[in-house]
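Worksheet: one structure, shown below.
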Amino acid sequence: MSQVRVRFAPSPTGFLHIGGVRTALFNWLFARQQQGVFILRIEDTDQSRSTDESIQAIIEGMKWVGLDWDEGPFRQTERMDLYRAHAMKLLETGQAYWCVCKAEDLEARRKEAEAKGLSPRYDGRCRNVKLAGQPGDAALRFKARQEGQTVIEDLIKGRVVFDNAVVDDVIILRSNGYPTYNFSVVVDDALMGITHVVRGDDHLTNTPRQIPIFEALGFAVPRFGHLPMILGADKTRLSKRHGATSIMAYKDMGYLPDAMVNYLVRLGWSHGDQELFTRQELIEKFSWDHVQTSAAVFNPDKLLWMNAEYIKMSPPSEVAQALAPHLEQAGLKDELRTVSNEWLAQLVVLVKERAKTLADMVEWVRPYFGQGATFEVDAAKKFLTPATAPLLQKLLTRFEALPSFSKLVWEDSFKKFVEEEGIKMGALAQPVRVALTGRTASPGLFEVMEILGRERTLVRLKAGIEHAKTNQA
RNA sequence: GUCCCCAUCGUCUAGCCUGGCCUAGGACAUUGCCCUUUCAAGGCAGUAACACGGGUUCAAAUCCCGUUGGGGACACCA
């Protein structure tokens, strides 16, 4: 069999959304598995809705999730001659005809048909009129076969049969000379040698319109695969009111691209009970017959869990790198400059089990920048009290006697002190925690001391003691 | 309205094609317990589903038909 060639063909009318990424992902996985070619094609024939910013957003989004393409991006507006030439070919061979019906009239007739309970399809008024030459503002329609059936052997849905009688004559060239979607896709898919057209479920009924055009043009008909839709919690098509749908919004919220990919691929595809997959595993294990046939509800909770898994298992240095922009945005730009990559990676290790997103992580990590700690009011009020001050002072004296920091030694010293004083661990640990981090919740105390280093640990302890002495209970 | 697709825990799904191993498995969420210097993480346990009705068969989540329900398409949008 010849080489697999697949494509992702979004229209640039907004940001790149989650559904689009999933469609791209399935195409990409198949291409990589089959050592095929993955093509990016921008379907911008609707001049009024397409924007260059959207094209940039698509490219940016694809790059962020790491779906690289082998050819393109092609823009349909740069291929107009091709569509016109093929449309003329259909006209010459009698497989297309000019239609002078006005858009408003068509609309009115559609409404009328609908009111009568009929299908609102084109009534074929201009089909046999045989207008000579191109009338002024006519559109070109494809003369679709009315008898027989069009059969799709869908990669995902299996055999789907349409009666040709339900397919009307679609416009292939608008009166302004621009091709319509149903025509430009066919020409492009054929000319680009696409072997497998994999797209959303919502295109399933377009397929019986497109197959006859491939045939009329003398092109080989590709295989088709129709992916089920992604729905919101209320089981309607995923849209803004279900929350963020732009892929880049997830980047901003602190999701890792690998987690997004893993979540999205599991939404509609499975490999037994396995939940977590590396990219390489996905490429190896992907197969059409385990793609779900029914729509899936997007579940932000599971995405969040998966992101947490990726934060835990990704190399800390990589997480640190992804975290840096979030830190800058949180106003820690100057602080960030003073620390090393190694230290930041170490900090990630400290908090990675607590943060579910990079945005979360920023808050977990914040107390370890800068010389002093900022005490949370309630935390300080509860734990940095005049009663605890002497205890903290004694601990400080002990620590000051230890010339260099060693986690084991300091921990040992701390525990012995607790024992000698005959107090509970928590009675000392919480005040110390607040002194060192300003908060009641943090990673292990001795890990915190380690990341702060000896000097800052002592400085913060002192500041905590001062605060405790003057605390009005 | 017409055509098309779909139907297993709240959600994602395994099992369905090639009926018995299904007293239906896993994951997220949720509940309880354990661990514990806090918060997490982790461990253990629990609640929870074959839409309904008919067939076929010794046997049906699995095959067939119907009903109901959901989704999609029906543009000079893509």
Side-chain angles (χ1 to χ4, degrees), chain A residues 9-13 43-46 48-50 99 101-103 106-107 110 113-122 137-141 152 154 157-158 160-163 165-168 170-176 178-182 184-185 200-209 226 228-229 231 233 235-237 263 266-276 289-290 292-306 308 312 351-356 364 379 383 414-415 418 424-430 432-434 437 439-446:
Chain A
S11 62
T13 55
E43 312 225 318
D44 58 347
T45 55
D46 184 350
S48 61
R49 299 200 309 154
S50 300
C99 172
C101 297
K102 293 272 169 294
L106 289 170
E107 179 68 28
R110 255 199 304 277
E114 222 163 331
K116 284 190 204 158
L118 299 171
S119 173
R121 48 200 288 272
Y122 179 59
D137 56 351
L140 194 64
R141 281 189 191 270
I152 304 163
D154 196 275
K157 307 269 186 194
V160 182
V161 181
F162 290 88
D163 279 330
V166 306
V167 180
D168 57 1
V170 291
I171 289 179
I172 57 178
L173 231 47
R174 299 178 173 101
S175 50
N176 67 4
Y178 281 82
T180 56
Y181 163 76
N182 275 118
S184 54
V185 250
D201 222 344
D202 47 341
H203 285 292
L204 186 55
T205 51
N206 278 326
T207 307
R209 297 158 173 273
H226 291 93
M229 302 271 86
L231 310 177
K235 305 240 182 188
T236 62
R237 201 181 179 140
Y263 176 73
R266 277 288 289 106
L267 197 59
W269 175 82
S270 60
H271 184 78
D273 288 337
Q274 190 171 350
E275 296 286 351
L276 271 11
D289 42 69
H290 282 92
Q292 196 74 5
T293 49
S294 52
V297 174
F298 182 79
N299 183 349
D301 277 341
K302 189 155 186 179
L303 204 211
L304 192 62
W305 166 79
M306 194 162 278
K312 278 184 278 182
V351 301
K352 67 179 185 177
E353 268 149 32
R354 285 153 248 261
K356 291 188 188 296
W364 275 105
F383 294 107
F414 187 101
K415 286 184 172 161
V418 166
K424 282 192 167 180
M425 182 74 177
L428 183 63
Q430 281 306 78
V432 171
R433 188 183 314 281
V434 175
T437 70
R439 304 177 183 180
T440 55
S442 82
L445 229 39
F446 308 104

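Chain letters run A, B, ... following the sequence lines, proteins first, then strands; residues in each count from 1.
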Name the nucleic acid region contacted by [X], choosing base, sugar-phosphate or nothing; use a 4.0 angstrom heavy-atom cut-off, strictly under.
| X | result |
| --- | --- |
| A:Arg439 | nothing |
| A:Lys415 | nothing |
| A:Thr236 | sugar-phosphate |
| A:Phe162 | sugar-phosphate |
| A:Thr45 | sugar-phosphate |
| A:Ile171 | base |
| A:Pro228 | nothing |
| A:Lys312 | sugar-phosphate |
| A:His203 | base |
| A:Val161 | sugar-phosphate |
| A:Thr293 | sugar-phosphate |

Examine [N]: is either OP1 or OP2 under 4.0 Å from a nitrogen or oxygen in the side chain of [X]? Give yes or no.
| X | N | result |
| --- | --- | --- |
| A:Lys102 | B:rC76 | no |
| A:Ser184 | B:rA78 | no |
| A:Arg110 | B:rG1 | no |

Discussion item. Strictly distance-based, threshold 3.5 Å: is any side-chain N or O of A:Arg121 a donor or acceptor partner for the main-chain N or O of A:Val167?
Written reply: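 Pair found, side chain donor or acceptor close to backbone of A:Val167.
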Any heavy-atom pair between the side chains of [Y] and [X] that's under 4.5 Å?
| X | Y | value |
| --- | --- | --- |
| A:Tyr263 | A:Phe298 | yes |
| A:Asp202 | A:His226 | no |
| A:Glu275 | A:Lys302 | yes |
| A:Asp46 | A:Tyr178 | no |
| A:Pro228 | A:Ser294 | no |
| A:Phe414 | A:Met425 | yes |

Write down the partner of [N] under the Watson-Crick or G-U wobble criteria, each distance required to be under 3.5 Å.
| N | result |
| --- | --- |
| B:rC39 | none |
| B:rU67 | B:rA51 |
| B:rA61 | none |
| B:rC9 | none |
| B:rC21 | none |
| B:rU56 | none |
| B:rC16 | none |
| B:rC3 | B:rG72 |

On a whole-Å scale, what distance lies between the [atom1] atoms belonging to [N] and [M]?
| N | M | atom1 | answer |
| --- | --- | --- | --- |
| B:rC35 | B:rC44 | C1' | 11 Å |
| B:rC21 | B:rU30 | P | 34 Å |
| B:rC17 | B:rC65 | P | 15 Å |
| B:rU56 | B:rU62 | C1' | 13 Å |
| B:rC52 | B:rA40 | P | 40 Å |

Check if the side chain of [X] and the base of [N] share a donor-acceptor pair of N or O atoms closer than 3.5 Å.
| X | N | answer |
| --- | --- | --- |
| A:Thr205 | B:rC3 | no |
| A:Arg354 | B:rC39 | yes |
| A:Asn206 | B:rA78 | yes |

Out of [options], which has the shortest distance to the side chain of [X]?
| X | options | result |
| --- | --- | --- |
| A:Ser175 | B:rC76, B:rU38, B:rA78 | B:rC76 |
| A:Lys157 | B:rC5, B:rA78, B:rU37 | B:rC5 |
| A:Arg49 | B:rC76, B:rC3, B:rA78 | B:rA78 |
| A:Met229 | B:rC74, B:rU37, B:rG71 | B:rG71 |

Worksheet item: Where each residue is assigned the nucleotide of RNA chain B containing its nearest heavy atom, which of A:Gly444 and A:Leu106 is assigned the position nearer the 5′ end?
Response: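 Its nucleotide being nearer the 5' end, the pick is A:Gly444.
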Response to the item:
Assert: residue with more 5' nearest nucleotide on RNA chain B, out of A:Ala441 and A:Val160, is A:Val160
Worksheet item: Between OH of A:Tyr181 and NE2 of A:His203, what distance do you get to the nearest 0.5 Å?
Response: 4.0 Å
Worksheet item: Say you draw a straight line from OG of A:Ser175 to CG of A:Leu140; how long is it, rounded to the nearest 0.5 Å?
Response: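 The CG atom of A:Leu140 is 11.5 Å from OG of A:Ser175, to the nearest 0.5 Å.
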Practice prompt. Determine, for nucleotides 9-14 of chain B in 5'-to-3' order, which nucleotides have protein heavy atoms under 4.0 Å from the base (write B), from only the sugar-phosphate (write S), or from neither (write -).
Written response: --BBSS
Item to complete: In plain terms, say whether A:Asp201 and A:Lys157 are close enough for a salt bridge, that is, a side-chain N and a carboxylate O under 4.0 Å apart.
Response: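 Result for this pair is yes, salt bridge flagged.
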